[in-house]
Amino acid sequence: MPEILVALYIFVLSCFIGYWVIWGVTPSLHTPLVALTNAISGIIILGALLATGLQGVGNLAEIFGFFAVLLASINIFGGFLVTQRMLAMFNKKKKK
Amino acid sequence: MPEILVALYIFVLSCFIGYWVIWGVTPSLHTPLVALTNAISGIIILGALLATGLQGVGNLAEIFGFFAVLLASINIFGGFLVTQRMLAMFNKKKKK
Amino acid sequence: MEISANTQAIAYLISAILFIFALKGLTSPASARTGNYYGMAGMLIAVLATLLGGDVQSYGFIIAGVAAGALIGGVLAARVQMTAMPQLVAALHSFVGMAAVLVAVATYLNHAALGTLNSLLMAELSVGIVIGAITFSGSVIAFGKLQGIISGQPVKFKGQHLLNLLLAVVIIGFAVDFAMHETLTSLIIMTILAFLLGFLLIIPIGGADMPVIISMLNSYSGWAAAATGFTLQNNLLIIVGALVGFSGAILSYIMCVAMNRSILHVVFGGFGGDDAAAEVSAAGQAAEKGVKSASVEDAIYWMEDASKVIIVPGYGMAVAQAQHALKDFMELLEERGVEVVFAIHPVAGRMPGHMNVLLAEADIPYDNVKEMNDVNPEFATADVALVVGANDVTNPAAKTDKSSPIYGMPILDVEKAQHVYVIKRSMRPGYSGVENLLYYQDNCSLIFGDAKDVCENLANALKGGAH
Amino acid sequence: MEISANTQAIAYLISAILFIFALKGLTSPASARTGNYYGMAGMLIAVLATLLGGDVQSYGFIIAGVAAGALIGGVLAARVQMTAMPQLVAALHSFVGMAAVLVAVATYLNHAALGTLNSLLMAELSVGIVIGAITFSGSVIAFGKLQGIISGQPVKFKGQHLLNLLLAVVIIGFAVDFAMHETLTSLIIMTILAFLLGFLLIIPIGGADMPVIISMLNSYSGWAAAATGFTLQNNLLIIVGALVGFSGAILSYIMCVAMNRSILHVVFGGFGGDDAAAEVSAAGQAAEKGVKSASVEDAIYWMEDASKVIIVPGYGMAVAQAQHALKDFMELLEERGVEVVFAIHPVAGRMPGHMNVLLAEADIPYDNVKEMNDVNPEFATADVALVVGANDVTNPAAKTDKSSPIYGMPILDVEKAQHVYVIKRSMRPGYSGVENLLYYQDNCSLIFGDAKDVCENLANALKGGAH
Ligand SMILES: NC(=O)c1ccc[n+]([C@@H]2O[C@H](COP(=O)([O-])OP(=O)(O)OC[C@H]3O[C@@H](n4cnc5c(N)ncnc54)[C@H](OP(=O)(O)O)[C@@H]3O)[C@@H](O)[C@H]2O)c1
Ligand SMILES: NC(=O)c1ccc[n+]([C@@H]2O[C@H](COP(=O)([O-])OP(=O)(O)OC[C@H]3O[C@@H](n4cnc5c(N)ncnc54)[C@H](OP(=O)(O)O)[C@@H]3O)[C@@H](O)[C@H]2O)c1
């Protein structure tokens, strides 16, 4: 199969997974969900890494790539840590 | 990606879908579920078609293929029709 | 008309989507029929896309095979009794298993003729053949036991499991040899041994455990299809295989949980046959208290003016085909203003959802039918619980008697109803072979007789009686 | 160390699985933390696999970027107030959008330098750039409105929607030109116009509607990542993009259903600003009856010996940061044997799950917190319902007044409690601008004041009072 069709297959299957996994999230964790998806959408950093790290191409691409790496990293670190912070609150058990 | 890895990706993603879609089935329809999965596992017929229809290869393969087509067809027709029969019973609404 | 490989790939994707929606349809009875149509459409698209794909060039055998299959499948589907569903399902699984073997062998022959074999391909073929062969012979045995062709007794001998293990190792050995050296003899021996292994794996399992086994084999048949998908580089087969594989696995899991047994215990246990040793303890003591038996009229007396009656159907209702009589009885009660609820235990009967299908067959509206967890709190407010050919799923020993083999299994809280009437033919135990402590409770009486006859009598008593 | 493309693909698959498990962890608070760790592990594996993949050869910029990003992200995460979560989320979305644009442009430059451009690639790049740019500028506006930098008022002018439509068409035109003729100017104009479109799309939407918009933009940011995945032939990006895309879409959907509005109405509606015309009808009549106001002592009188008190937190609790005071109050009540339940409406506050996070922050055990459908039947048995800064989610007009703009929205059945006390600062309406019929009911009194102050006074009264 050509790559674009492979991508299409994977996209379609992932959409089903997205549908089910998100509906499964308990409503009380919807705010952490938003933060977590923020973090994992930082996966765009892969594109940024490739754009920045490629040898022997224009400087402009490298600079664009640098900013992309920066922004995506903020997302990743910010997202995971704030999720962590929120979930830590939830995790405290009833004391009594 | 080589075909085997594509297959692996698709397999893994489908497993997640399988997990969620089956847990979503209401317990009262578990018997129809069994019949329906019987029907769709008749999809093995695709392999049988390819084996049988390939031109210019041994007769033995063709004969094996024929039996495979036969068995898979029994599954497909038997499975879908018996599911249909069962579901038709469920579909009757309360009369009063 | 011939379509390109890309068009074919897109058609396969569409058909995969349709299959997923087909299964998703089973989320509720309302959407289930549409779901089945999606499934049919998906299959049609997949078959057409394959036929038009350019790889298929001779159609004679195919048309013959499909036509014969359609005929046989159609007749089977139209004729089968709802109570014989487990057998039908077992038979159909065996077909998938056999088809997987045949396809793998034919694929081997084709590739050998074209000289395009390689080790990876042969390894994948071996996986497909072995899973397929085990599925086939295992399902055949399961079919035989359910249909009564083979004795349901577990066939056991010393060193059984060791033998199976050994066989598995030998099979893997031949598979490796085949994949590495293309040895045809290895292929043949491997296939034969795999058939043998399927046989040996299932023969020691008691007939009553077949439902779990069937689901397990269902799962295998899915994995066999997925393995074939890997060999043929056909993604649709992989997707469908995974869906079916999970379906079987999850259903086995659900059954095991509802019986409070592990899948290993089912496969290696040999349950429900001979050993009824541990059950003396609490049951033995209770036995001395004696069991009350009652007539149809006694039961009617408490039901005719009740405000709520809960009916608990079980395997005996299926055997006796009492569902239609029950439906009449339900309507007569409802005419008198009695609320009637059917309580379904997840493993009542002999396959998951068994009772639901039978009640639906008798036209009992599914709003009247409730699952265990929903209905259990209602028993305390019911005037009468009428147990029709159910046994294990009502046994309070599962809650109270730690030494009982069914201890820990979730049950229907029948004993909380004000009056309990149990319809069965004798004092014989149910599927698990464990005595039912319920029968020794003060509020419980047994009505001996065939479930269908008794239900008809109940209905007649309600009609006839000049109340 | 350098890994092969195949190893990399397998690493990506593992990381995709980890991400799915991360989201699945959010099924319950108990598994959520582990889920977050899975997510981190998945990200780490993905980044390492990319760095080792051989395509990345210079590390200077990367290290600098990641280090700076870690610092900024870490500080943001540590400092942000829980009440400011919506803003943070909006800011982070804008980053993803911008990153998608930058990556697409850099990819274009790289491919141009290597001479490996083709139409399909450029089309995919355009999709990535346009979605990314809209996500960016839209999120920036959303951030500004939430943070109060930009006025929350909907900015409206005639022909707005037509202009946007026109702009979209022009953007597509330039994108097609770029994909077909590799025109750099078209690329630049397209990008600028897409930024403009994002701006124009969000500016007419009122500040209060931002939560839905943010979720919508969340969804966009996912699709932007997926589009980037198509361009880079990176399957992991596609998978994650789809997951995030669905997350945003489903959350917007949930919010819209809970508010009984369509997403189109949110995007084109300009809700919650000026027009409060229709609300005279029933509300007007009720107004003449007058509203009772009460003191803290009045409320305590009914609560201190109650058997059950249901607390309904809303946006006002978040604004006033009253959750800690509420926690103290809850504990004092529980010491006196009063059962305390928190009732959460799906859109209480300003983002989904907002109240849950705040209550969790104050250490209120989540067993005490119930969702709308679970708690609604309990109001009838509650002695007191204490509404803390909630308004719309308690308005019975949603059930009774067909002319109300919030008619049909599911609400908390607060009015069924024996006594209802509402803490708020004034008679101003809530988010929807609709007057609350609840306040005119006989069993309802208002306690005017800041939520935090009042809750502290309640706690003090309970402590201090010599009961
Ligand atoms: N549903 C599943 O998926 C599944 C799967 C695996 C195992 N199982 C097992 O199957 C059992 C199901 O429980 P169950 O309560 O439904 O059935 P059961 O425990 O097997 O009991 C059935 C009862 O029906 C009576 N009976 C049989 N034929 C009858 C007839 N013609 N008229 C009246 N009564 C008749 C039998 O007593 P007499 O002989 O005295 O009449 C017997 O006590 C459970 O132990 C479960 O673990 C179920
Ligand atoms: N959660 C979401 O995801 C989401 C998304 C989109 C829209 N919304 C909308 O947001 C609304 C949420 O409803 P809600 O009942 O939580 O809030 P609301 O209807 O907006 O009402 C909040 C109330 O809190 C009071 N308040 C504000 N600050 C206060 C303070 N410091 N102390 C005491 N009271 C204070 C306000 O009255 P005073 O000014 O008189 O004090 C106001 O009546 C719904 O209309 C919903 O549709 C929610």
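Each chain gets a letter, A, B and so on, in the order the sequences are listed, and its residues count up from 1.
Within a 6.0 Å sphere centred on OH of D:Tyr220, heavy atoms belonging to other residues, nucleotides or ligands number 12 at most. Applying the 6.0 Å contact sphere to CD of A:Glu3 captures more than 12 heavy atoms from other residues, nucleotides or ligands. Within a 6.0 Å radius of CZ in A:Phe16, other residues, nucleotides and ligands contribute more than 12 heavy atoms.
The candidate from A:Ile10, A:Leu8, A:Leu49, A:Ile45 with the greatest count of non-hydrogen atom pairs under 4.5 Å with chain D is A:Leu49. Most heavy-atom pairs under 4.5 Å with chain D: of the set A:Ala39, A:Gly47, A:Ser28, this distinction falls to A:Ser28. When each of D:Gly245, D:Ala78, D:Ala67 is scored by its heavy-atom pairs under 4.5 Å with chain A, the top score falls to D:Ala78. Residue with the most contacts toward chain D among A:Ile17, A:Asn75, A:Val34: A:Asn75 (heavy-atom pairs, distance under 4.5 Å). When each of D:Val240, D:Ile250, D:Thr50 is scored by its heavy-atom pairs under 4.5 Å with chain A, the top score falls to D:Ile250. Comparing D:Thr27, D:Val103, D:Leu92 by heavy-atom pairs within less than 4.5 Å of chain A, the highest count is held by D:Leu92. Of the listed residues (A:Ala48, A:Gly78, A:Pro27, A:Cys15), the one with the most heavy-atom contacts under 4.5 Å to chain D is A:Cys15. Here D:Ser247 is the residue among D:Ser247, D:Ala225, D:Ala68 with the most heavy-atom pairs under 4.5 Å with chain A. Considering only heavy-atom pairs separated by less than 4.5 Å from chain A, the leading option among D:Gly248, D:Ser28, D:Ala91 is D:Ser28. Each of D:Ile344, D:Leu236, D:Ile364, D:Leu76 has some count of heavy-atom pairs under 4.5 Å with chain A, and the biggest count is that of D:Leu236.
Within the 4.5 Å cutoff, the side chain of A:Gln84 has heavy atoms near those of the D:Tyr37 side chain. D:Leu243 has its side chain out of reach of A:Thr37: every pair of non-hydrogen atoms, C-beta onward, lies at least 4.5 Å apart. Looking at heavy atoms from C-beta onward, A:Pro32 lies in side-chain contact with D:Val357 at the 4.5 angstrom threshold. By the 4.5 Å heavy-atom criterion applied to side chains, A:His30 and D:Pro346 are not counted as neighbours. Within the 4.5 Å cutoff, no side-chain heavy atoms of D:Leu71 are placed close to those of A:Phe77. Put simply, the side chain of D:Val66 reaches to within 4.5 Å of the side chain of A:Val69, judged on heavy atoms. In this structure, A:Leu29 and D:Pro29 have side chains that are in contact, with non-hydrogen atoms separated by less than 4.5 Å. Considering only heavy atoms from C-beta on, A:Asn38 stays 4.5 Å or farther from D:Asn218 through its side chain.
A:Trp23 touches chain D through backbone and side chain together, each having a heavy atom under 4.5 Å away. There is no contact between D:Phe21 and chain A, counting heavy-atom distances below 4.5 Å. D:Asn234 touches chain A through its side chain: at least one heavy atom from C-beta onward sits under 4.5 Å away, while N, CA, C and O do not. A:Leu13 does not touch chain D: none of its heavy atoms, backbone or side chain, sits under 4.5 Å away. With a 4.5 angstrom heavy-atom cutoff, A:Ile76 touches chain D only via side-chain atoms. Only the side chain of A:Leu36 comes within contact range of chain D, with heavy atoms under 4.5 Å apart. For chain A, the nearby part of D:Leu232 is the side chain; its heavy atoms alone come within less than 4.5 Å. For D:Leu359, no part sits under 4.5 Å from any heavy atom of chain A, backbone or side chain. Of the atoms belonging to D:Ala226, it is side-chain heavy atoms, and not backbone ones, that fall under 4.5 Å from chain A. For D:Met43, the part lying under 4.5 angstrom from a heavy atom of chain A is the side chain only.
Between A:Phe64 atom CZ and D:Leu102 atom CG the span is 6.5 Å, to the nearest 0.5 Å. Distance OH/D:Tyr38 to CD1/A:Ile40: 15.0 Å, rounded to 0.5 Å. A:Glu62 CD to D:Asn110 CG: the interatomic distance, rounded to the nearest 0.5 Å, is 8.5 Å. A distance of 12.5 Å separates CD1 in A:Ile22 from NZ in D:Lys24, rounded to the nearest 0.5 Å. To the nearest 0.5 Å, the span separating CG on A:Leu87 from CG on D:Leu26 amounts to 6.5 Å. In this structure, CD1 on D:Ile72 lies 5.0 Å from CG on A:Leu70, to the nearest 0.5 angstrom.
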Intermediate values then yes/no, side-chain contact (heavy atoms from CB on, under 4.5 Å), D:Glu361 and A:Met86
CA-CA 7 Å; D:Glu361 188 196 3; A:Met86 275 191 266; over 6 Å; no

How far apart are the C-alpha atoms of A:Val6 and D:Gln233, what are their side-chain angles, what is the distance that settles it, and do they pass the side-chain contact (heavy atoms from CB on, under 4.5 Å) test?
CA-CA 9 Å; A:Val6 173; D:Gln233 305 193 334; over 6 Å; no

Evaluate the criterion side-chain contact (heavy atoms from CB on, under 4.5 Å) for residue pair D:Val96 and A:Leu71; output intermediate values, then yes/no.
CA-CA 7 Å; D:Val96 177; A:Leu71 293 177; over 6 Å; no

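Counting all heavy atoms, side chain and backbone alike, A:Ile44 lies closest to D:Ala99 at CG2-CB, 3.9 Å. Between A:Ser73 and D:Ala70, the closest heavy-atom pair is CB-N, 4.3 Å. A:Ala7 and D:Phe230 get closest at one heavy-atom pair: CB-CE2, 3.5 Å.
Residue A:Ile43 forms a side-chain contact (heavy atoms from CB on, under 4.5 Å) with just one option from D:Leu237, D:Val244, D:Thr228, and that option is D:Leu237.
Judged by distance alone, with hydrogens and angles left aside, the side-chain atoms of D:Asp55 form no donor-acceptor pair with the main-chain N or O of A:Leu50 at under 3.5 Å. At least one donor-acceptor pair closer than 3.5 Å links the side chain of A:Arg85 to the backbone N or O of D:Val80. In terms of modelled atom types and a separation under 3.5 Å, the side chain of D:Asn36 and the main chain of A:Phe80 share a donor-acceptor contact.
In this structure, A:Phe66 and D:Phe61 have tilted ring planes: the angle between them lies in the 30° to 60° band.
Neither side chain, D:Asn356 nor A:Thr31, offers a donor N or O lying under 3.5 Å from an acceptor on the other.
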